[in-house]
Amino acid sequence: VCVPMSAAPDVSSSRTELNPEAYKYLVERRAIDAGVEILYGALFSEVVTDGNRVVGAVIDTKSETWQIEADIVVDCTGDGDVAAFAGARFDKGERESGALQPISMLFLAGNVDVARVFAFWASEERAPLLRAACDRGDIPMPSMALHNPGWERDIIVSMSRAACDATDAFGLTRGQI
């Protein structure tokens with residue numbers, strides 16, 4: 001699953017690039033082989049507790065609401081929703097400013113001239129173009145990163161979209177618009 005960054009050896013040396021589709025397949029297979037029952041399209045809605053111990057979760061799916069109990073509950077919500085609903089202490093945002101990490105957009109672009117894209121990315125032209133696009137309102141923030149997943153003509157684009165509170169449904173909606 002790990003692949004070398006042959007298309008752009010000097011762009012990033014501090015991360016291991018992965019083929020995301022191969023990685024998803026591998027993790028899913030290993031989970032199934034270990035006896036994990038996977039349920040896609042489920043949303044966490046509340047915790048199940050026994051005293052101060054989390055012993056399960058209530059989830060909603062298109063077909064029904066489920067209460068799932070477990071010896072160990074792992075919070076994989078991305079925002080610590082299970083822990084927060086259980087009453088765990090948490091910090092939100094930077095201590096001094098309260099600033100939150102912007103929401104991000106991540107996508108795979110195919111049929112790309114990878115060498116040409118990374119050459120432009122390393123050039124002096126990139127920053128003023130991103131700033132101008134931000135000033136015009138074409139993109140909300142001039143923050144982007146490119147990754148090569150190891151396929152000959154593909155890149156992964158990661159960009160900050162908006163500074164918003166992703167734990168607030170209305171704030172997240174405004175940020176995505």
message = For Leu129 and Phe120: C-alpha separation, side-chain torsions, deciding distance, then whether side chain to side chain contact (heavy atoms under 4.5 Å, CB included) applies.
response = CA-CA 11 Å; Leu129 288 174; Phe120 168 76; 3.6 Å; yes
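- Between Leu146 and Val157, the closest side-chain pair of non-hydrogen atoms falls below 4.5 Å.
- Follow the hydrophobic side-chain contacts under 4.5 Å out from Val117 and you reach Phe107 in the same cluster.
- In this structure, the side-chain contact (heavy atoms from CB on, under 4.5 Å) partners of Asp165, at least two apart in sequence or on a different chain, are Lys92, Leu100, Thr167, Asp168.
- Annotation: side-chain contact (heavy atoms from CB on, under 4.5 Å) contacts of Ala31 (sequence neighbours excluded): Val36, Ile38.
- Using a 4.5 Å cut-off on side-chain heavy atoms (C-beta onward), Phe118 and Ile155 make contact.
- Sequence neighbours left out, not one pair with a member in residues 80-90 passes side chain to side chain donor-acceptor pair (under 3.5 Å).
- For residues 29-39, the set of pairs meeting the side chain to side chain donor-acceptor pair (under 3.5 Å) definition, not counting sequence neighbours, is empty.
- Residues Leu172 and Val82 do not share a hydrophobic cluster, clusters being chains of Ile/Leu/Val/Met/Phe/Trp/Tyr side chains in contact below 4.5 Å.
- Between Gly171 and Cys164 the shortest heavy-atom distance is O-CB, 3.5 Å.
- Legend: residues meeting side-chain contact (heavy atoms from CB on, under 4.5 Å) with Glu94, ordered by chain and number and at least two apart, are Ser97, Ala99.
- The local environment of CD in Gln101 is sparse, with at most 12 non-hydrogen atoms from other residues, nucleotides or ligands closer than 6.0 Å.
- The distance from the CD atom of Glu64 to the CD1 atom of Ile59 is 9.5 Å, given to the nearest 0.5 Å.
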All N/O donor-acceptor pairs, side-chain side in residues 47-58, below 3.5 Å, sequence neighbours left out:
residue, atom, partner, partner atom, Å
Arg53, NH2, Asp71, O, 2.8

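- A continuous path of ILVMFWY side-chain contacts below 4.5 Å connects Ile32 to Tyr40, so both sit in one hydrophobic cluster.
- Asp79 and Ala166 get closest at one heavy-atom pair: OD2-O, 4.1 Å.
- In this structure, Ala84 and Phe90 approach most closely via the heavy-atom pair CB-CE2, 3.8 Å.
- Scanning all heavy atoms of the two residues, the minimum distance from Ser158 to Leu106 falls at CB-CD1, 3.6 Å.
- Residues Phe44 and Leu39 do not share a hydrophobic cluster, defined by chaining ILVMFWY side chains whose heavy atoms lie under 4.5 Å apart.
- Of the inter-residue distances, the one linking Lys62 atom NZ with Leu43 atom CG reads 10.0 Å to the nearest 0.5 angstrom.
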